[in-house]
Amino acid sequence: MASDSLANLSREELVSKVQQAEQLFQQEQRRSNSLNDELKAAKEQNVLVQKQAEQEEEFIVNKLMKRLDQLKREKQVLANEVEQEEEYLVNNLQRRLAKVNEEKASLESRLTTEQEYLDNQLQKKLTELNLERNKMNTEKVNLENQLEAEQEYILNKLHKQVTVPCVHVPDFATATASNTQPAGPKYIPCKRKSNMQRPSIMTMGIVHSSSKSKQNLV
């Protein structure tokens, strides 16, 4: 039917149809070329964007890797510092603990020595006090015995001076003159002499003070 319609057209109409067809073809060709150019530009843009994206991704990855390496190095440095600090603290604490233990042992030894010294001094003092007490008790006993002996001596002497009888000697001359035998001795009690020694006040005071001394010693 198309061929029948074209056959019915005149030359001029055919030429006009051909020209229209050529114009349409040229428009479509220009459109196709424009689309191809746009597609090519889009592809190039896509490639460029993809390349830029890859570059940016690589840059970000490299940056992250560098940052990760830096963080690892910083972590290792911090770990070393922490380990050194811990080692320093442990060593310092061990030194301080050893020093404290040494001071403790020294103080204990010193206290033991001082305690032994004080015990020895106290024992020595107690021994000296016991010896002094025994000596004082001995002196006290001796003094008491001496005082008792002196008192007994004084009392015996006084008793003898007071109670010893005196012997009256007969007059042999008178008996010879009268040619008579002398009478036997006549015992008469002697009167107390006026110059008889009595215990002085000083002697009595000494005896009294000695008695007090003995009581204090007791």
**Prompt:** Does the Asn92 side chain pair with the main chain of Tyr88, one donor and one acceptor, at a distance under 3.5 Å?
**Reply:** no
**Message:** Whether the side chain of Ser16 engages the backbone of Glu12 through a donor-acceptor N/O pair (distance < 3.5 Å, no angle test) should be reported.
**Reply:** no
**Main-chain N/O of Ser109 paired to Thr113 side chain as donor or acceptor, under 3.5 Å** = yes
**Message:** Show, in sequence, the C-alpha distance, side-chain angles and deciding distance for Leu147 and Glu150, and conclude whether the side-chain contact (heavy atoms from CB on, under 4.5 Å) test is met.
**Reply:** CA-CA 5 Å; Leu147 289 175; Glu150 290 179 357; 4.0 Å; yes
**Prompt:** Any donor and acceptor pair, going by atom type alone, linking the side chain of Thr112 with main-chain N or O of Glu108 inside 3.5 Å?
**Reply:** yes
**Prompt:** Going from CD1 on Ile60 to CZ on Arg67, what distance comes out if it is rounded to the nearest 0.5 angstrom?
**Reply:** 15.5 Å
**Request:** Begin with the C-alpha distance, continue with both residues' side-chain angles, and end with the deciding distance and a verdict on side-chain contact (heavy atoms from CB on, under 4.5 Å) for Lys75 and Leu71.
**Result:** CA-CA 6 Å; Lys75 179 182 178 181; Leu71 290 175; over 6 Å; no
**Item:** Leu158 reachable from Tyr153 in the ILVMFWY side-chain graph, under 4.5 Å edges
**Value:** yes
**Message:** Between Asn46 (side chain only) and Ala42 (backbone N and O only), is there a donor and an acceptor less than 3.5 Å apart?
**Reply:** no
**Heavy-atom neighbours of Glu102 CD exceed 12 at 6.0 Å** = no
**Asked** In Å, rounded to the nearest 0.5 Å, how long is the span from CG of Leu24 to CD of Gln19?
**Response** 12.0 Å
**Message:** Before you tell me yes or no, could you show the steps for Glu13 and Lys17 under salt bridge (charged side-chain N to carboxylate O under 4.0 Å, His left out), namely the whole-Å CA-CA distance, both residues' side-chain angles and the distance that decides it to 0.1 Å?
**Reply:** CA-CA 6 Å; Glu13 289 177 349; Lys17 290 286 185 180; over 6 Å; no
**Whether Ser34 side chain and Arg30 backbone form a donor-acceptor pair below 3.5 Å** = no
**Asked** If you round to the nearest 0.5 Å, how far is CZ of Phe59 from NZ of Lys66?
**Response** 7.5 Å
**Prompt:** Could you state the interatomic distance from CD (Gln76) to CD (Glu81), rounded to the nearest 0.5 Å?
**Reply:** 11.0 Å
**Prompt:** In Å, rounded to the nearest 0.5 Å, how long is the span from CD of Glu148 to CG of Leu155?
**Reply:** 11.5 Å
**Request:** Kindly indicate, with the supporting measurements, whether the criterion side-chain contact (heavy atoms from CB on, under 4.5 Å) is fulfilled by Gln161 and Lys157.
**Result:** CA-CA 6 Å; Gln161 289 178 356; Lys157 186 175 180 180; 3.4 Å; yes
**Request:** Find the distance between NZ (Lys43) and CG (Asn36) and round it off to the nearest 0.5 Å.
**Result:** 8.5 Å
**Item:** Verdict with reasoning, Gln70 to Glu74, per side chain to side chain donor-acceptor pair (under 3.5 Å)
**Value:** CA-CA 6 Å; Gln70 182 180 0; Glu74 291 178 354; 3.3 Å; yes
**Prompt:** Within a reach of under 6.0 Å around CD of Gln52, are more than 12 heavy atoms found that belong to other residues, nucleotides or ligands?
**Reply:** yes
**Request:** Start with the C-alpha distance between Leu68 and Leu64, add both sets of side-chain angles, then the distance that settles side-chain contact (heavy atoms from CB on, under 4.5 Å), and finish with yes or no.
**Result:** CA-CA 6 Å; Leu68 182 61; Leu64 290 175; over 6 Å; no
